[in-house]
Amino acid sequence: MRLSRYFLPVLKENPSEAQIVSHRLMLRAGMIKQQSAGIYSWLPLGFKVLRKIENIVHQEQIRAGHIPMQMPTLQSADLWRESGRYDGYGEEMLRMQDRHGRDMLFSPTAEELFTDVFRAHVNSYKDLPLTLYQIQWKFRDEIRPRFGVMRGREFYMKDGYNFDLTKEDALHAYNRHLVSYLRTYERMGLQAIPMRADSGPIGGDDTHEFLVLAETGESEVFYDREITDLTFGEREIDYNSVEQCQAVLEEFTSRYARTDETHDEALFNEVPEERRCVARGIEVGQIFYFGTKYSEAMGAKVQGPDGKPTEVHMGSHGIGVSRLLGAIIEASHDDNGIIWPEGVTPFHVGIVNLKQGDEAADAACEALYNSFTAVGLEPLYDDRKERAGGKFATMDLIGLPWRITVGPRGLKNGVVELTSRRTGESVEMTPEQAVEKIIEIYAPHRVNVF
Ligand code: P5A
């Protein structure tokens, strides 16, 4: 993409309505525009990162054996009357009527819809286990939408639903989700810690929230410091292996880690004092096992091995896809702007031409641009007739992890400059070497649409 042809409405001034850094930077970098309280337009740069995050989520779900599909955002209230949640859900649910006076609602979550699809089409235990999921817009009429995409009213969620014959199978599905979530967040450069939580209106006893530690987080959390040493890393996992998934769950949940909803001071005090941490966190996901709560209420049964109809065991599992943009920025920025991890950066590399109109500089930038696009990498080429300082400030603000600076002086010696956004370090090298280096850096981070 050439910046002169792109739509990147960056703001010079700090927007006064933004209280936290991620919200401020998303507005300044021209990623989002507020349309109503908690409702945003996703401008091209924000939309690009949203898609990158979404694709990582898809890849990791599919790797775990879960099946993507798409549900409508508008639902009939009747399904929610069947489950008994229509009256109880309260004012967070946006309710409306169609022209025939039928009660409708904008989906705040989709347990009922997925259970309905399941009961319509699955009849035998032989079709289990089954986990279906979608990534779709949700609406919750939050009383206090704030912090930009962190607590929106309209927000983008990955929501998955497992259907299993037995409680044991459903708990394996729970563990599988926990493992896939650990992998997902790490690919985005985040450490998200599973913590025991409260199940709220979704229901059930087994639930973990995934929290990214951040001062601006909305949840108060209590944990054993040792848990922050854990990473999933590059290990291979067989998602069909009950033992392997269970072992990961135990490794990541055996130490004390709870949100304030389930915090137990006496248990916490058993952790050695120097390891006891009280901090704040951003909830980027939550997994639930709730047994037969929905299958019983809605008659979702399969024929079991003994020939008798039996209610399926279920759970649901969510990732806050749009919230993740805010969480990543909270975790990765400096005074000059965003610092995208390679896994989610909107463009792989910025090309800054120090002297637009100089024949040699223009030609070198074009050549770099073509080399990247030829191998499927996306450069953002600042080809505007602007001062170098302004170009650097824009690149720093929008946070591309790598920048190549091209100027007539360097080119006389056959070199360009490759700069890391994270460390600020610059190294001179030939344009060919710079291309090779960027290709090498991104080799583990190629994200294809699923
Ligand atoms: C699990 C999937 C559920 O709704 N039903 C389907 C279950 N879980 S949840 O914890 O309530 O939501 C899942 C994740 O969505 C994000 N989230 C939000 N993001 C932005 N703005 C909001 N108002 C908002 N509410 C929830 C969170 O990341 C949450 O973990």
Side-chain angles (χ1 to χ4, degrees), residues 20 22-23 26 32 34 36-40 42 50 53-54 57 61 66 69 71 73 75 80 83 85 89-94 106-115 131-163 173-174 177-178 180-181 184-185 188 190 192-204 206-212 214 216-219 221 259 261 281-290 293-294 314-328 330:
I20 61 171
S22 57
H23 188 195
M26 286 184 78
I32 52 170
Q34 182 173 313
S36 300
I39 302 179
Y40 291 88
W42 291 78
L50 189 68
I53 292 176
E54 178 179 5
V57 173
Q61 287 309 299
H66 307 157
M69 57 180 286
M71 291 291 194
T73 52
Q75 310 180 2
W80 287 66
S83 73
R85 281 208 293 183
Y89 208 93
E91 292 192 302
E92 269 190 19
M93 180 184 276
L94 182 65
F106 197 115
S107 177
T109 174
E111 279 76 11
E112 284 79 358
L113 267 189
F114 276 84
T115 308
T131 295
L132 302 171
Y133 79 93
Q134 65 171 345
I135 301 182
Q136 179 61 294
W137 293 96
K138 303 287 185 292
F139 195 94
R140 292 183 186 172
D141 205 351
E142 301 275 355
I143 187 158
R144 219 178 296 117
R146 58 180 184 162
F147 300 161
V149 300
M150 289 279 207
R151 179 163 296 278
R153 292 198 297 165
E154 189 183 46
F155 61 98
Y156 208 36
M157 190 207 284
K158 172 262 162 183
D159 47 324
Y161 305 82
N162 68 283
F163 302 90
Y174 185 90
H177 279 89
L178 181 127
S180 70
Y181 281 22
T184 302
Y185 298 125
M188 297 171 190
L190 289 175
I193 304 172
M195 301 200 181
R196 282 200 71 82
D198 181 61
S199 66
I202 307 291
D206 293 272
T207 183
H208 282 92
E209 281 181 5
F210 289 76
L211 286 118
V212 173
T216 48
E218 291 194 280
S219 318
V221 296
T259 63
E261 297 158 344
I282 303 166
E283 179 205 329
V284 291
Q286 188 164 3
I287 54 178
F288 302 82
Y289 164 72
F290 41 68
K293 172 176 171 179
Y294 297 90
M314 292 174 56
S316 71
H317 315 277
I319 292 182
V321 176
S322 49
R323 175 178 286 182
L324 273 167
L325 274 93
I328 293 169
E330 290 294 325

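One-based numbering along the sequence shown. Just so you know, ligand 1 is whichever comes first in the structure, and atom 1 is the first atom listed for that ligand.
With hydrogens and angles disregarded, a donor-acceptor distance shorter than 3.5 Å links the side chain of Tyr161 to the backbone of Ala110. The backbone N or O of Gly315 lies less than 3.5 Å from no partner atom in the side chain of Tyr294, so there is not a single donor-acceptor pair. Side chain of Glu261 to main chain of Ala197: no donor-acceptor pair is present (N/O by atom type, distance under 3.5 Å, no hydrogens or angles). Without hydrogens or angle criteria, Tyr185 side chain to Val212 main chain gives no donor-acceptor distance under 3.5 Å. Within the 3.5 Å criterion, the main-chain N or O of Ser199 finds no donor-acceptor partner in the side chain of Gln286.
Ranking protein heavy atoms by distance to atom 8 (N) of ligand 1, first place goes to Phe288 CE1, 3.4 Å. With hydrogens left out, the protein atom closest to atom 14 (C) of ligand 1 is Gly320 N, 3.9 Å, a heavy atom. Given atom 21 (N) of ligand 1, the protein heavy atom at minimum distance is Gly152 N, 3.1 Å. Shortest contact from atom 20 (C) of ligand 1 to any protein heavy atom: Met150 O, 3.3 Å. Nearest protein heavy-atom contact of atom 27 (C) of ligand 1 is Arg323 NH1, 3.5 Å.
Ring pair Trp137/Trp42 is tilted by interplanar angle, where 30° to 60° counts as tilted.
Residue Ile202 places no N or O, backbone or side chain, under 3.5 Å from any N or O of ligand 1. For ligand 1, none of its N or O atoms has an N or O atom of Ser322 under 3.5 Å away. Not a single N or O atom of His317, backbone or side chain, sits closer than 3.5 Å to an N or O atom of ligand 1.
In this structure, Ile282 falls outside the shell of residues with a heavy atom less than 4.0 angstrom from ligand 1. Contact analysis leaves Phe210 out of contact with ligand 1, as no non-hydrogen atom separation drops below 4.0 angstrom. Residue Lys138 places no heavy atom under 4.0 Å from ligand 1.
Salt bridge annotation for Arg85-Glu111: present, with a cationic side-chain nitrogen under 4.0 angstrom from a carboxylate oxygen.
Shown in contact with Gly285 at under 4.0 Å from a heavy atom are these atoms of ligand 1, numbered in order with element: 28 (O), 30 (O). Under a 4.0 Å criterion applied to the non-hydrogen atoms of Val149, ligand 1 contributes the atoms 20 (C). Ligand 1 places these atoms under 4.0 Å from at least one heavy atom of Gln286: 10 (O), 30 (O). Close contacts between ligand 1 and Glu283 involve ligand atoms 10 (O), 27 (C), 28 (O), 29 (C), 30 (O) [criterion: under 4.0 Å to a heavy atom]. Interface atoms of ligand 1 facing Tyr161, defined by a heavy-atom separation under 4.0 Å, are 6 (C). Near Arg151, with a cut-off below 4.0 Å to any heavy atom, the atoms of ligand 1 are 21 (N). Counting atoms of ligand 1 from 1 in the listed order, those under 4.0 Å from a heavy atom of Asp159 are 2 (C), 6 (C).
With Arg140 as reference, Met157 is the one residue of Arg151, Met157, Arg153, Glu154 to meet the side-chain contact (heavy atoms from CB on, under 4.5 Å) rule. Of the residues Lys138, Glu54, Arg323, the one that meets the side-chain contact (heavy atoms from CB on, under 4.5 Å) test with Tyr156 is Glu54. Of the candidates Thr216, Leu325, Leu190, Glu330 forms a side-chain contact (heavy atoms from CB on, under 4.5 Å) with just one, namely Thr216.
Using a 4.0 Å cut-off between heavy atoms, Thr109 contacts ligand 1 through its side chain alone, with no backbone atom that close. For Ile287, no heavy-atom contact with ligand 1 is shorter than 4.0 Å.
Residues Glu91 and Asp141 fail the side-chain proximity criterion, which asks for heavy atoms closer than 4.5 Å.
The heavy atom nearest to atom 5 (N) of ligand 1, out of those in Arg140, Arg153, Glu111, Glu142, is found in Glu111. The option from Tyr133, Phe155, Phe139 that lies nearest to atom 22 (C) of ligand 1, judged by heavy atoms, is Phe155. Atom 12 (O) of ligand 1 has its nearest heavy-atom neighbour, among Met157, Glu209, Glu92, in Met157.
Glu283 and Ser219 are not linked by any side-chain donor-acceptor pair at a separation below 3.5 angstrom, with hydrogens and angles left out of the test.
Atom CD1 of Ile202 sits about 7.5 Å away from atom NZ of Lys293, to the nearest 0.5 Å.
Between Tyr181 and Phe210, a ring centre-to-centre spacing shorter than 6.0 Å is recorded.
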